[in-house]
Amino acid sequence: MEEASLSSWTAVGLSAAVSPGTACRALVGDHDLVIWRGRDRQVRVWENRCPHRGMRLSYGFVRGDRLTCCYHGWTYDGEGACTLIPARPDLAPPKAVRIGQYARAEHAGIIWAASGSIGMEAPSFPGDWIGCRSIAIDRPREEVDSHFASGRFILSHPDQHGEINRIACAPSLNGDGVHRIELHDSHLFEAVLCAGQPVSGTQTMLHVSVRPRGAAGKHGEALRHVSDWLKEVRTLVENRRAGIRTLGVPRARLPHILERDHGPG
Amino acid sequence: MALDEFTRSHWYAIGRLEDVPDGGSRSTRLLGHDVVAERRAEALSIRLKADGAPLKAQERYGHVWTTLHDDPRPLYDIPEFEEKGRRLVTAGCVSVRCSGLRAVENFLDLAHFPFVHAGILGVEEQATVEQYEVEPDRNEDELWATSCKFYQPRAAATAESGQVTHYKYRVPHPFSTILYKTCPIRDDAWDLIGLFIQPVEEDLSDVHSFVLVFDEDNSDTDLLHFQQTIFLQDRFILENQVPRLLPLVPGSETPTRADASSIAYRRWLRKKGLTYGALPAIRAA
Ligand code: FES
Ligand SMILES: [Fe+2]
């Protein structure tokens, strides 16, 4: 099984899902993370554990550029240093208290994290991306990866004349669990980026951004199509493992996704 | 994990009297063992489910108690249960996914009131915890925290306005704790609120709570609602503390002077050689 670790850059959420003033939780195997964004718009990825008494910080609240633990109100600045202990405001918070930090980056509408010692640049993707959707798939990431790698997914959507366009998704792999799909023939998208977060040995969270083509007015439609397509990606990936052949699923239920022939071409 | 002698030597509440009515039985789990309590012709009997071995049983403080030990230490006295005019209200047990030791420590904690019970037991503007005393009794069989005080906007179901509440805490047992707080309607009396924790597993607890108060105005339901509101707020905390077991190694968490009771409780547990529901120092030894 793939070791769920943060030794390489890993997608942990959509940028848009962590708006300023909020905190949330993300799991990557044994790593329990709190992701939060202060009013300064900086995103931070920390160990999800208050050094005081172990409360998960993802239930804390963001005030300005600080994160306050919900158990006793210990408050941490953007660097993870404690600045206030409400029960003893006279006491200078112990200097040794510093929350474990992860390296983090935001690219292509996705928040990426890695263990602090990474020393490798976060993946970057040129162009204007819009975060589309995160979807949970009940399969390990390497299984999701192998589906993408086999190029089996087909994204279909109507073209300008209402004809259904079927576009085979030949992905390019940008490192672990990251699949960029260039769609040269689509009037709606230039590319789709799917980045898998290995939540556990049995679950993957797929974070997806799109680079839409054309006028901003069309972006909503593009996002909607990708969002529908993702539900079908999930159906396909989850069912294959359960032994249900995609071919056995009525096509009407899988309008956007087909399995390509394994034969040549 | 072998059960340490200190944990094994105690009595544990495993249900209320009314949970084991005549002709009825209750199956539950204590310290990793399935146990069955039964009452036939008024007589209470408790046995291990696995081999039917009988366990000692007694009925006290509105609850049914048992122990895995052949020669347990006596169940502690709560003299207030003998006092006239008090009402006992029990809530039935609530299951919490954490070590019972975490639940006791949370119960002893004043500093969380303004955050976890905001608007009821504390307000953020008055979050300071004044110095209080924590000491073991003479034989080190129990712990007492005294002269605790805290501003509370609604200290009890009977309270209509804010007051500085005075508290005492008693830990007569590693998995039991009792709070004595100023009675809002009687100057000379304390109201009691307590937890009898049944450690089901190291990281799973059935918490039996009780209220023993002088209160003529509130119905049992009102008193229960109040306690339940408070306890559910605490349960959310308890189920989100990492790790679930109580770390007894100094340095794994960060106590300050406002955490005197937590420091003393952990020290007492270490001294008694307790390992069940705790992490991990003594275990290695
Ligand atoms: S556990 Fe976070 S402030 Fe106490
Ligand atoms: Fe509480």
Side-chain angles (χ1 to χ4, degrees), chain A residues 23-36 45-64 66-77 79-100 102 200, chain B residues 98-99 101-106 108-118 121-132 148-151 203 233-263 265-266 279:
Chain A
C24 68
R25 182 183 186 195
L27 293 173
V28 180
D30 292 338
H31 297 267
D32 194 338
L33 313 176
V34 52
I35 307 174
W36 67 279
V45 182
W46 292 355
E47 254 170 55
N48 193 12
R49 182 173 172 276
C50 178
H52 177 226
R53 202 82 69 70
M55 182 64 194
R56 292 203 169 97
L57 287 167
S58 48
Y59 298 108
F61 32 96
V62 180
R63 286 171 173 168
R66 302 193 163 171
L67 180 64
T68 296
C69 175
C70 73
Y71 195 175
H72 308 95
W74 287 31
T75 296
Y76 300 92
D77 68 15
E79 267 63 63
C82 183
T83 58
L84 175 70
I85 297 176
R88 294 306 299 249
D90 56 318
L91 218 68
K95 288 245 175 11
V97 176
R98 191 167 285 264
I99 299 169
Y102 290 87
S200 68
Chain B
C98 70
S99 159
L101 307 172
R102 284 272 196 203
V104 170
E105 188 177 71
N106 163 270
L108 299 176
D109 180 70
L110 296 161
H112 76 288
F113 289 164
F115 296 93
V116 180
H117 310 298
L121 300 183
V123 288
E124 215 181 312
E125 296 67 41
Q126 299 184 53
T128 306
V129 174
E130 307 285 348
Q131 189 90 21
Y132 56 91
C148 313
K149 53 179 184 295
F150 209 77
Y151 173 79
D203 64 350
Q233 292 171 336
D234 285 320
R235 180 160 86 159
F236 171 75
I237 297 288
L238 291 170
E239 297 198 329
N240 281 292
Q241 267 177 292
V242 186
R244 283 190 191 136
L245 304 189
L246 185 73
L248 289 183
V249 204
S252 47
E253 293 187 346
T254 319
T256 72
R257 262 177 277 163
D259 301 304
S261 57
S262 154
I263 296 168
Y265 177 57
R266 293 185 188 198
L279 267 181

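Contact annotation for Asp109(B): only side-chain heavy atoms (C-beta onward) come within less than 4.5 Å of a heavy atom of chain A. Contacts of Ser252(B) with chain A are made by backbone atoms alone, with heavy-atom separations under 4.5 Å and no side-chain atom involved. Gln126(B) does not touch chain A: none of its heavy atoms, backbone or side chain, sits under 4.5 Å away.
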Side-chain donor/acceptor pairs under 3.5 Å, residues 236-244 of chain B, sequence neighbours excluded:
from, atom 1, to, atom 2, distance (Å)
Glu239(B), OE2, Arg97(B), N, 2.7
Asn240(B), OD1, Arg56(A), NH1, 2.9
Asn240(B), OD1, Tyr59(A), OH, 3.4
Asn240(B), ND2, Phe236(B), O, 3.0
Gln241(B), NE2, Arg53(A), O, 2.9

For a quick test of your reading: what N or O donor-acceptor pairs under 3.5 Å do the side chains of residues 82-93 of chain A make, sequence neighbours left out?
from, atom 1, to, atom 2, distance (Å)
Thr83(A), OG1, Thr75(A), O, 3.3
Arg88(A), NE, Asp90(A), OD1, 3.3
Arg88(A), NH2, Asp90(A), OD2, 3.2

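Rounded to the nearest 0.5 angstrom, Cys70(A) SG and His112(B) NE2 are separated by 11.0 Å.
For the residue pair Asp259(B) / His72(A), no side-chain donor-acceptor distance below 3.5 Å is found, with atom types taken as modelled.
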| field | Verdict with supporting geometry, Trp74(A) and Phe115(B), side-chain contact (heavy atoms from CB on, under 4.5 Å) | value | CA-CA 10 Å; Trp74(A) 287 31; Phe115(B) 296 93; over 6 Å; no

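The candidate from Ala258(B), Pro255(B), Ala118(B) with the greatest count of non-hydrogen atom pairs under 4.5 Å with chain A is Ala258(B).
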